[in-house]
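Positions are given from 1 along the sequence.
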Amino acid sequence: MIGSVIKQEDTQWIPPVDAVLEMHSGTSPAAIYPDTVWTQLKNCIIIAAGDTFKAGETGGQAQISLTAGNLAAHTHSGSTSTDGAHTHTVSGSIQRNWVFGPGPTVYRNKRLNVATFSTSSDGAHSHTATIGSTGGGQAFDIMNPYYAVNIWQRVG
């Protein structure tokens with residue numbers, strides 16, 4: 001088998017304490033190396049220690065939820081033109097003897113029993129637009145592609 005460690009019966013070599021073995025078998029290396037104690041490292045990836053990661057440190061998560069602070073800086077905008085005064089007109093049928101209070105100007109066509117209402121002009125003006133937030137806060141997988149093996153560390 002390429003890449004596997006197999007103990008030769010005629011050797012006295014035993015992995016030192018803190019040695020790490022990667023193997024397909026789920027059997028503890030203590031079965032191969034008598035009088036040794038091993039712990040199985042589970043659900044983690046081994047990374048080379050150095051300036052960024054000190055030996056023995058742990059960290060990371062399999063899934064995370066992004067917050068607004070994790071997103072790239074960006075803006076949303078909306079605008080309306082302030083050009084042009086305008087009015088709004090609505091036409092519809094009305095009942096006789098309606099009394100209209102202060103407000104819209106009423107033009108009544110008695111023959112068709114139709115009234116036309118027009119709003120007054122407020123001159124050139126703008127409108128405010130509100131842009132809402134979105135998202136559901138769902139966690140997502142951040143795992144790199146992997147190939148899983150059993151990893152054992154000698155602790156005694």
Rounded distance (nearest 0.5 Å) linking atom OG1 of Thr39 with atom CH2 of Trp152: 7.5 Å

Taking all atoms of both residues into account, what is the closest heavy-atom pair of [X] and [Y], and its distance?
X: Ala31; Y: Thr27; value: CB-CG2, 3.7 Å
X: Trp38; Y: Pro15; value: CH2-CB, 3.8 Å
X: Gln61; Y: Ile64; value: NE2-CG2, 3.6 Å

Exactly one candidate in Leu21, Thr36, Val37, Asn150 meets side-chain contact (heavy atoms from CB on, under 4.5 Å) with Pro29; the answer is Leu21

side-chain contact (heavy atoms from CB on, under 4.5 Å) between Gln153 and Asp18: does it pass, once the steps are laid out? CA-CA 6 Å; Gln153 181 180 19; Asp18 279 342; 3.5 Å; yes

State yes or no: do Val17 and Ile46 share one hydrophobic cluster built from I, L, V, M, F, W and Y residues joined by side-chain heavy-atom distances below 4.5 Å, directly or via other members?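 No; tracing contacts between hydrophobic side chains, which count when under 4.5 Å, never links both residues.
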
Which side-chain N or O atoms in residues 47-60 pair as donor and acceptor under 3.5 Å with protein atoms at least two apart or in another chain?
from  : atom 1 : to    : atom 2 : distance (Å)
Lys54 : NZ     : Asp51 : O      : 3.2
Glu57 : OE1    : Lys54 : N      : 3.3

